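Accompanying notes for the structure given below.
None of the values given here were measured: they were computed from a predicted structure.
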Amino acid sequence: MLPAFRLHSPRRPRLPCRLLAPAAVAAPIRTAARLAASPAIARLLAAPHSTSCSNVAAAAAPSSSSSSPSTTRIDNMAASSNAAAIKQPAWHLPEGSPAPRLHVHNSLTRKKELFVPENQNLVTWYSCGPTVYDRSHVGHARNYITFDIVRRILSDFFGYNVQYVMNITDIDDKIIISARQKHLFEQFQAQHPTLSADLIAKADEAWAFYVTKRFDKIVPGVAANWADFFNLYVKTSVAALDAITQARAGKIAVADFYVALKDPISLWRDSQDGATVTDQKIFRDFAAYWEADYFADMDSLNIRRPDVTTRVSEYVPEIIKFVQRIIDNGYAYVLDGSVYFDTVRFDKSDNHSYAKLEPWSAGNVKLMQEGEGDLTDESKEKRSPADFALWKGSKPGEPSWASPWGDGRPGWHIECSAMAGDVLGAKMDIHSGGIDLTFPHHDNELAQSEGHFECGQWVNYFLHAGHLHIEGQKMSKSLKNFISIKEALETYTPAQIRIMYLQHQWNAPLDYGPGSMSEARAVETSINNFMALVKAVIQESKFAAASSAAAHNYGDGEKELMNFLTQKQFAVHAALADSFNTPQAMLEIRQLVSQANQYYQDKVKAKGVPNAALLNKVGKYVTKLMHTFGVYSDANPEVGAPTAGSAQNAEDTVMPFLRVLSTFRDRVRELAQNKADLKEFLKLSDQLRDEDLVELGVSLEDQDGGKALVKLVDRDTLIRQRQDKAAKEAERQREKEERQRALLQKKLERLEKGRMPPSEMFKTGEAAAEFSAWDAEGIPTKDKDGADLAKSRRKKVEKEHAAQKKIHDEFLAASAAGEI
């Protein structure tokens, strides 16, 4: 009988028999047969069954004297054969469930399309930037925050490498006019520093010019243009005329006078001397000032700066070359020193189509004229009304550059094509801008670029952000109904403004107002409170005594929350993959925060210990999304690790807390030494919680059992909450005092009725005429005719007398107490 033995192999999970291929079963059998035929194994098998392990080993091992090279080689071959024959079982690829792929709403098709970058995970993106001639408003913020959010989602959530290019339009009709008028107004103001008859006469002339210029243009269609008519021109005209009237009466300061007359005087002076403004520094400085203002606003809103910023004034040589290539390709023509794009010839080409984004707007003359700007000469005989300027021949009062077609400047549409083409080349993944730029600007960009590169699709995905409305109207500089970003930040935090945009789909219209901002503020408060709770629970867990409890802290509640977190992670991914659906993503986040808060409350209510690691996991996930969306500021520094010197001095950090602790200790000792009432200690404790620690950004939340939960919260947030609480308490106190005053007034009115002694109440006034006799207490006994009072009447006057006696006694008591 052969001794039992087995082949040893690494431990591994047992697989179901159906997963074992026949070869996997047969291989060990064949290996055992080969091993049994070897001399070494034969000696082992011949050994007695009772042989000890050492004897068996000796029997199996050849003696040193009898060993030979051939035997050693055979044994080595057997061992090698054994090792080669022992293999791991087959591994099976999981079926899995793929995550949703990103789809984006593409204006080129008006539907959601699968997002596929041209080059692996590199996303090339050009975004139309600002025309810098005035303050940025929250309507602009809708555009730039929207695409900042999308950009962050692409890079921080989906992991794309985004190359983001944005232009600054610093050569434009609006800039030229605004810069020129600013220069001429300041010049006029310096020439007329005091209110004089001459200044008032000139202001009169300016006002008349302004009203004629503006109203002649608007009044023919005043019903359809009432907002323009009233907001833009009437209010200005009325204010200016009122200032002139006050100036004649000597009732207005010169500074206030110029504030009211700025627009009329600027327009009037520009009509007179605008052509004389030739110093290009005036235009450059004006645009540079507003560009710096724009970026300051963007920084305050936590909007990431572009990877590449292009300025029209710096790209004029490239623009000239770009235009020349379009001419060479046959899609543009020169006319009186200007160059125009030939839309008809381009559209007739087999490889091109004009107005891809809005083909139904191709014949809209009004939109095309607006796209050309206020300084474009429409009298020139273009080949087609739809043709637009690539290069504008210079006129007096405008900046100009030399070109093969004469001195001039770039048209508005060409700048983006030339600069984007220079940086990104003949193809880009994404182009973006406001919805109002779709036609003609973006359609003209596409035509120019595809005419230049002779390509059929210059942009793969066109994204357009929806309008922001205020009271139902588009917010616009030209309508002067805008709220500047700086003004908005006086009322709301950058996070609240961004949350408002996150709560609405990026390409849908949005109405800005107290309601939408109130909702955003509530969301911010909810998330921040949750984050403070999580940090507090983590800190509590760090300082809690080590537990030796046998039970773990991962029960049904924890499993439910973990599963809920997983489901929300899937849901957020699906929402963001669905054309950056941030409203749905924010809803999922709010539900997650609510569920985590409920878990915490349930745990505390059951006298359990919340699972800090689990709450930390939820908190980290929400924090990551808030960073991704830009709600939380980007961590600094952006490049490299912080240096040792950049950290705040430990003494500066700790000392404010130590001073509060020391002062609190001193006051406790003082109260104890004076044997103060226990209520004084509680008042001191409340002062520590409600005042001293609030100034340090520390929130103490009293809990059952007398133990407070410590939270680190933004100081300004705590102060606002304290102010809100104080305001509510003041309102509650005011209402209480109002009720007390009303009660007191009612009491005084009642007491005043008691001023009359009951003995006199039926003897004076109208009552005296009803009776002719009274008893000793003043109760009537006979009516006016001398007849005895009827029994029922007698009972009534006795009741009235008793009531008056009661109220008279109250009156006397109140009078004696000095209450009346």
Quiz prompt | Distance-only side-chain donor-acceptor flag, His431 / Glu445, under 3.5 Å | solution = yes
Quiz item: Relative to the ring of Tyr492, is the ring of Tyr512 parallel (under 30°), tilted (30 to 60°) or perpendicular (over 60°)?
Solution: perpendicular
Quiz prompt | OG-CG distance between Ser361 and Asp443, expressed to the nearest 0.5 angstrom | solution = 8.0 Å
Quiz item: Hey, would you say the His413 and Phe341 ring centroids sit under 6.0 Å apart?
Solution: no
Practice problem: Return yes if a side-chain donor-acceptor contact under 3.5 Å exists between Tyr315 and Asn167, otherwise no. | Solution: no
Exercise. Scan residues 400-418 for pairs that pass salt bridge (charged side-chain N to carboxylate O under 4.0 Å, His left out), counting only residues two or more places apart or in two chains.
Key: Asp173-Arg409, Glu398-Arg409
Quiz item: For the residue pair His573 and Phe157, is the inter-centroid distance of their aromatic rings smaller than 6.0 Å?
Solution: yes
Quiz item: Where the side chain of Arg498 meets the backbone of Phe629, is there a donor-acceptor pair that is under 3.5 Å apart?
Solution: yes
Quiz item: Judged by atom type as modelled, is there a donor-acceptor pair below 3.5 Å linking the side chain of Arg590 to the main-chain atoms of Ser526?
Solution: no
Quiz item: Do the side-chain N and O atoms of Asn444 and Gln448 include a donor-acceptor pair separated by under 3.5 angstrom?
Solution: no
Quiz item: Are any non-hydrogen side-chain atoms of Tyr126 and Leu424 less than 4.5 angstrom apart?
Solution: yes
Exercise. Would you check, one step at a time, whether the test side chain to side chain contact (heavy atoms under 4.5 Å, CB included) holds for Leu102 with Phe158?
Key: CA-CA 9 Å; Leu102 175 61; Phe158 288 112; 4.0 Å; yes
Exercise. Please check if the side chain of Asp172 supplies one atom and the backbone of Lys174 the other of a donor-acceptor pair under 3.5 Å.
Key: yes
Quiz prompt | Considering all heavy atoms, the nearest Glu318-Glu314 contact | solution = OE1-O, 4.0 Å
Quiz item: So, are Lys112 and Asp578 salt-bridged, with charged N and O less than 4.0 Å apart?
Solution: yes
Quiz item: So which heavy atom on Val162 is nearest to which on Asp307, and how close?
Solution: O-OD2, 3.2 Å
Self-check item: Pairing of Asp299 and Arg305 as salt bridge, 4.0 angstrom limit
Solution: yes
Self-check item: Ile149 side, atom CD1; Leu576 side, atom CG - distance, nearest 0.5 Å
Solution: 10.5 Å
Quiz item: Any sub-3.5 Å donor-acceptor pair from Asn581's side-chain atoms to Gln584's backbone N or O?
Solution: yes
Quiz item: Can you check whether Ala585's main-chain N or O pairs, donor with acceptor, with Thr582's side chain at less than 3.5 Å?
Solution: no
Self-check item: Gap between atom CZ of Arg151 and atom CD of Gln163 - 0.5 Å precision
Solution: 10.5 Å
Practice problem: Run the ring-centre check on Tyr144 versus Tyr294 and record whether the distance is less than 6.0 Å. | Solution: yes
Self-check item: Side chains of Thr169 and Pro130 in contact at under 4.5 Å (non-hydrogen atoms)
Solution: no
Quiz item: Is it the case that Ser400 and Ser394 place a side-chain donor and acceptor less than 3.5 Å from each other?
Solution: no
Quiz item: Is the side chain of Asp436 donor-acceptor paired with the backbone N or O of His467 at a distance under 3.5 Å, no angle test?
Solution: no
Quiz item: Partners of Asp293 by side-chain hydrogen bond (donor to acceptor under 3.5 Å, both in side chains), sequence neighbours excluded?
Solution: Lys486
Quiz item: Can you check whether Gly513's main-chain N or O pairs, donor with acceptor, with Ser516's side chain at less than 3.5 Å?
Solution: yes
Quiz item: Just by modelled atom types, is the Glu487 backbone N or O under 3.5 Å from a matching donor or acceptor in the Ser484 side chain?
Solution: yes
Self-check item: Rounded distance [0.5 Å steps], OH in Tyr501 versus CD in Gln496
Solution: 12.5 Å
Exercise. Grab the two heavy atoms, one from Phe283 and one from Gly397, that are nearest each other, plus how far apart they are.
Key: CZ-O, 3.6 Å
Practice problem: Measure the spacing between CZ of Phe115 and CG of Leu154 and express it to the nearest 0.5 Å. | Solution: 5.5 Å
Quiz item: Can any side-chain N or O of Asp429 pair as donor or acceptor with the backbone N or O of Trp125 at less than 3.5 Å?
Solution: no
Practice problem: Check whether any side-chain N or O of Glu450 sits under 3.5 Å from a backbone N or O of Trp458 as a donor-acceptor pair, and report yes or no. | Solution: yes
Quiz item: What's the spacing between His352 NE2 and Thr343 OG1 if we round to 0.5 Å?
Solution: 13.5 Å
Self-check item: Salt-bridge criterion met for Asp387 and Arg383 (N-O under 4.0 Å)
Solution: no
Quiz item: What do the steps show when you test Asn460 against Glu118 for side-chain hydrogen bond (donor to acceptor under 3.5 Å, both in side chains), and what is the final call?
Solution: CA-CA 9 Å; Asn460 289 337; Glu118 282 283 336; 3.0 Å; yes
Quiz item: When the aromatic ring centroids of Phe462 and His464 are compared, is their separation below 6.0 Å?
Solution: yes
Quiz item: Is it true that Asp634 and Arg304 have a side-chain N and a carboxylate O under 4.0 angstrom from each other?
Solution: yes
